[in-house]
2 protein chains.
Amino acid sequence: MKRQKRTTIYDIAQRLNLAASSVSRALSDSPKVNAATKALVLKTALEMNYQQNAMASNLRKGNNPTIGVVVPRINQNFFSNIIAGLEEVTYKKGYNLIICQSNELHAREVDCVNALINQHVSCIIISIAAETGDHNHLQQVLDHHIRLIQFDRVVEELDTFKVINDNERASFEAVTHLIEQGYKRIALLEGPQDINIFRQRKEGYLAALKNNGFPILEELMCENAWTKELGAVATVQLLNLPEPPDAIFASTSDFSALGVLEVATDKGISVPDALGICGYSNEPFTEITSPSITTVDQYSVSMGKTIANLFFQEMEVFEHSVEPKIVSIKPKLIVRKSTQRKISS
Amino acid sequence: MKRQKRTTIYDIAQRLNLAASSVSRALSDSPKVNAATKALVLKTALEMNYQQNAMASNLRKGNNPTIGVVVPRINQNFFSNIIAGLEEVTYKKGYNLIICQSNELHAREVDCVNALINQHVSCIIISIAAETGDHNHLQQVLDHHIRLIQFDRVVEELDTFKVINDNERASFEAVTHLIEQGYKRIALLEGPQDINIFRQRKEGYLAALKNNGFPILEELMCENAWTKELGAVATVQLLNLPEPPDAIFASTSDFSALGVLEVATDKGISVPDALGICGYSNEPFTEITSPSITTVDQYSVSMGKTIANLFFQEMEVFEHSVEPKIVSIKPKLIVRKSTQRKISS
DNA sequence: TTTTAGTATGCAATCGATTGCCTGATTATT
DNA sequence: AATAATCAGGCAATCGATTGCATACTAAAA
């Protein structure tokens with residue numbers, strides 16, 4: 001059985017003894033076509049079950065109202081919220097969203113980006129994979145005159161639009177809060193330092209310590225404590241130190257913080273009294289654990305909207321070559337029980 | 001500043017003094033072109049930074065290796081997992097994914113579906129919105145010879161491929177488990193009954209009661225207890241009954257179950273001893289609450305993969321008009337502390 | 001009545017890649 | 001040496017919609 005052909009403007013034109021151009025104009029409500037004809041065409045189109053072929057239209061018009069999104073993982077709270085936020089805005093503008101996930105792999109990210117370039121999307125919105133490599137693929141995007149917005153995890157040296165969280169500031173506030181609660185030895189679980197956001201969070205941590213005259217202790221900083229499991233491992237190590245920390249800032253994620261909490265609970269260490277815990281991301285579960293976990297909310301859905309708006313307001317048309325802008329969103333510290341000591345400073 | 005043109009096969013052809021057709025063939029590695037020429041074209045294409053125009057190619061070839069996905073909410077654990085699973089498979093096949101969310105609204109769902117028809121996608125994968133209406137839009141999909149797969153929340157009377165969970169079975173097992181744990185008055189928090197999955201879960205509940213000779217008590221069934229807040233409200237009502245339930249099966253979601261748990265904790269009702277709680281979906285947080293919540297895992301990521309594979313194996317080519325198939329996945333009851341009584345039956 | 005303006009519509013090129021068919025050149029076959 | 005076979009490449013139509021330009025027709029102005 002052959003694939004039956006779909007009705008085109010030519011079919012409509014033939015049926016009505018019109019030229020295809022008139023049908024096209026009628027359908028796009030051009031003023032150059034008579035009202036009666038317009039109505040007739042519309043009616044016939046409906047009858048014949050016509051649906052425009054977007055590929056043909058976009059090809060001819062030389063633009064594709066589609067935005068490509070590349071994220072490390074689609075099913076991660078932060079990213080799926082970003083996507084939801086993006087969709088909310090792009091939907092209203094009649095744009096489509098093509099979603100790809102890099103699975104944190106550089107090669108796959110490159111693949112996805114190339115596929116999106118092929119698609120001639122109007123814009124690519126990307127948060128780079130943990131496995132970083134060169135960024136020729138991003139340069140390629142620019143070379144093909146496709147707008148590029150980086151968010152959250154960005155390649156800083158690349159001169160593009162960026163929407164980021166003020167990680168350093170948030171981190172600074174979180175650590176300051178811990179200090180205010182009277183914690184004296186504050187450990188840091190940090191992420192891969194070749195990713196900007198983790199560098200920034202470390203900066204914030206260091207700045208807060210300095211600001212309060214606290215010493216910087218190498219043994220209290222654990223690299224790569226990224227997942228719940230790694231967070232737990234790091235915690236065990238930290239607690240075995242001759243002088244263990246009295247607070248742990250899991251700057252990588254709430255999952256990591258959860259690992260910390262589980263180890264503490266296992267060992268019968270009282271949180272927040274003997275150990276303060278602060279996570280990052282405001283995952284839904286942080287509200288539910290006992291005690292609930294202090295964390296940093298990144299306004300992810302609204303960040304998605306911001307990104308989309310940035311495209312529509314600044315980049316969709318580019319009359320003049322716009323100067324890439326960096327939008328920084330200040331995340332919010334959500335203080336919960338895991339850091340609220342009864343004894344106060 | 002005008003948008004600079006991207007290099008096309010014509011540009012390459014001109015540079016090499018070849019016909020565009022030869023360039024096209026060379027790029028698609030056709031045997032009709034000399035190896036030396038092929039190499040030359042490839043090299044030149046690279047030099048000139050050529051990227052194929054997928055719109056033109058797809059238009060000519062009359063197919064678009066893209067799959068459209070419509071879900072109620074992108075940032076809901078179940079759906080984002082489905083999408084991740086889909087992407088995993090479609091990526092390998094070189095297909096793109098266009099994602100839309102209906103926000104549980106019928107009108108918006110219709111909009112999304114139409115946009116996808118315009119795009120001439122190869123397949124539409126959909127889970128319908130809570131706000132149901134007619135399903136002309138789905139019929140439209142079929143009329144335009146676009147493959148359609150419904151999953152999870154499906155319109156049963158529409159003869160399409162479907163991938164569903166065996167909700168009734170899972171629900172039956174959950175309630176049976178409660179009975180085995182010695183609970184005697186088991187309440188049900190149910191979802192909108194015009195959505196198939198919620199009907200099925202109720203069926204399973206009823207079947208399990210009957211199967212064990214338990215009476216069906218209207219006052220123990222609460223409609224529309226869908227969110228955490230509604231779950232809490234329903235729980236308060238249930239607990240105020242002259243004969244309150246000793247177990248609550250929140251068949252709508254884990255969020256609902258969480259609402260139940262919070263009310264119980266507030267009122268100092270011991271879970272699982274005085275009140276058993278079972279949720280649905282295996283949201284990550286169910287493992288973390290105290291006590292952890294018994295729930296039903298839907299294998300969402302793997303379900304996504306199943307859906308995509310269904311398309312590639314059965315529908316991508318349709319030699320013969322294939323008979324729509326229904327794939328039913330048996331979810332798994334995850335027994336946790338919220339239903340494990342020390343006193344056993 | 002002729003000119004002008006304006007309206008509605010048609011013609012044909014175009015977007016970029018693909019592909020059936022044809023041709024010229026080279027090699028193989030008898 | 002003549003014919004057939006093979007290879008490499010070119011020509012031109014095609015996918016479906018859009019759009020600049022041309023044209024036929026009507027109505028208004030001179």
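A, B, ... follow the sequence lines: proteins, then strands. Residue 1 opens every chain. The structure displayed is predicted, hence computed values, not measured ones.
Rounding to the nearest 0.5 angstrom, the gap separating the NZ atom in B/K162 from the OG atom in B/S328 is 12.0 Å.
For DNA chain D, no neighbouring residue in residues 41-48 of chain A is found when judged by any heavy atom under 4.0 Å.
Rounded to whole Å, the distance from CG on B/L18 to C1' on C/dG24 is 16 Å. Atom pair A/Q119:CD and C/dC15:P shows a separation of 20 Å (rounding to whole Å applied). Protein atom CG of A/L59 is 14 Å distant from nucleotide atom P of D/dC15, rounded to whole Å. Atoms CD (B/Q14) and P (D/dG9) sit 18 Å apart, rounded to a whole Å. Atom CG of B/L16 and atom P of D/dA8 are 17 Å apart (whole Å). Taking atom CG on B/N34 and atom P on C/dA25, their separation rounds to 16 Å, with Å as the unit. Distance CG (A/N58) to P (C/dG16): 13 Å, rounded to an integer number of Å.
Both A/V33 and B/M55 lie close to DNA chain C; mapped to their nearest nucleotides by heavy-atom distance, the more 5′-ward contact belongs to A/V33. Heavy-atom nearest nucleotides on DNA chain D were determined for B/A19 and for B/H120, and the one closer to the 5' end corresponds to B/A19.
Inspection of the B/Y91 and A/D111 side chains reveals an N or O donor paired with an N or O acceptor under 3.5 Å. Side-chain polar atoms of A/N96 and B/Q119 form a donor-acceptor pair below 3.5 angstrom. Side-chain contact annotation: A/N136 with A/Q140, donor-acceptor N/O pair under 3.5 Å absent.
Between B/F78 and B/F151, the two ring planes are tilted [angle within 30° to 60°].
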Do any N or O atoms of the protein come closer than 3.5 Å to N or O atoms of nucleotides 17-20 of chain C, and which pairs are they?
{"from": "C/dA17", "atom 1": "OP1", "to": "B/Y50", "atom 2": "OH", "distance (Å)": "2.5"}
{"from": "C/dA17", "atom 1": "OP1", "to": "B/N53", "atom 2": "N", "distance (Å)": "3.4"}
{"from": "C/dA17", "atom 1": "OP2", "to": "B/I9", "atom 2": "N", "distance (Å)": "2.7"}
{"from": "C/dA17", "atom 1": "N7", "to": "B/Y10", "atom 2": "OH", "distance (Å)": "2.9"}
{"from": "C/dA17", "atom 1": "N6", "to": "B/Y10", "atom 2": "OH", "distance (Å)": "3.3"}
{"from": "C/dT18", "atom 1": "OP1", "to": "B/Q52", "atom 2": "NE2", "distance (Å)": "3.0"}
{"from": "C/dT18", "atom 1": "OP1", "to": "B/S57", "atom 2": "OG", "distance (Å)": "3.4"}
{"from": "C/dT18", "atom 1": "OP2", "to": "B/S24", "atom 2": "OG", "distance (Å)": "2.8"}
{"from": "C/dT18", "atom 1": "O2", "to": "B/R60", "atom 2": "NH1", "distance (Å)": "2.1"}
{"from": "C/dG20", "atom 1": "O6", "to": "B/R25", "atom 2": "NH2", "distance (Å)": "2.6"}

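Residues A/R108 and B/E87 are paired through a salt bridge, judged by an N-O separation under 4.0 Å between the basic side chain and the carboxylate.
Here B/N17 lies in heavy-atom contact (under 4.0 Å) with sugar-phosphate atoms only. In this structure, A/N64 reaches neither bases nor backbone, as no heavy-atom distance under 4.0 Å exists between it and the strands shown.
Ring to ring, B/H144 and B/H120 are not that close: their centroids are 6.0 angstrom or more apart. A distance of 6.0 Å or more separates the ring centres of B/F311 and B/F161.
The backbone N or O of A/L105 sits nowhere less than 3.5 Å from a side-chain atom of A/N103 that would complete a donor-acceptor pair.
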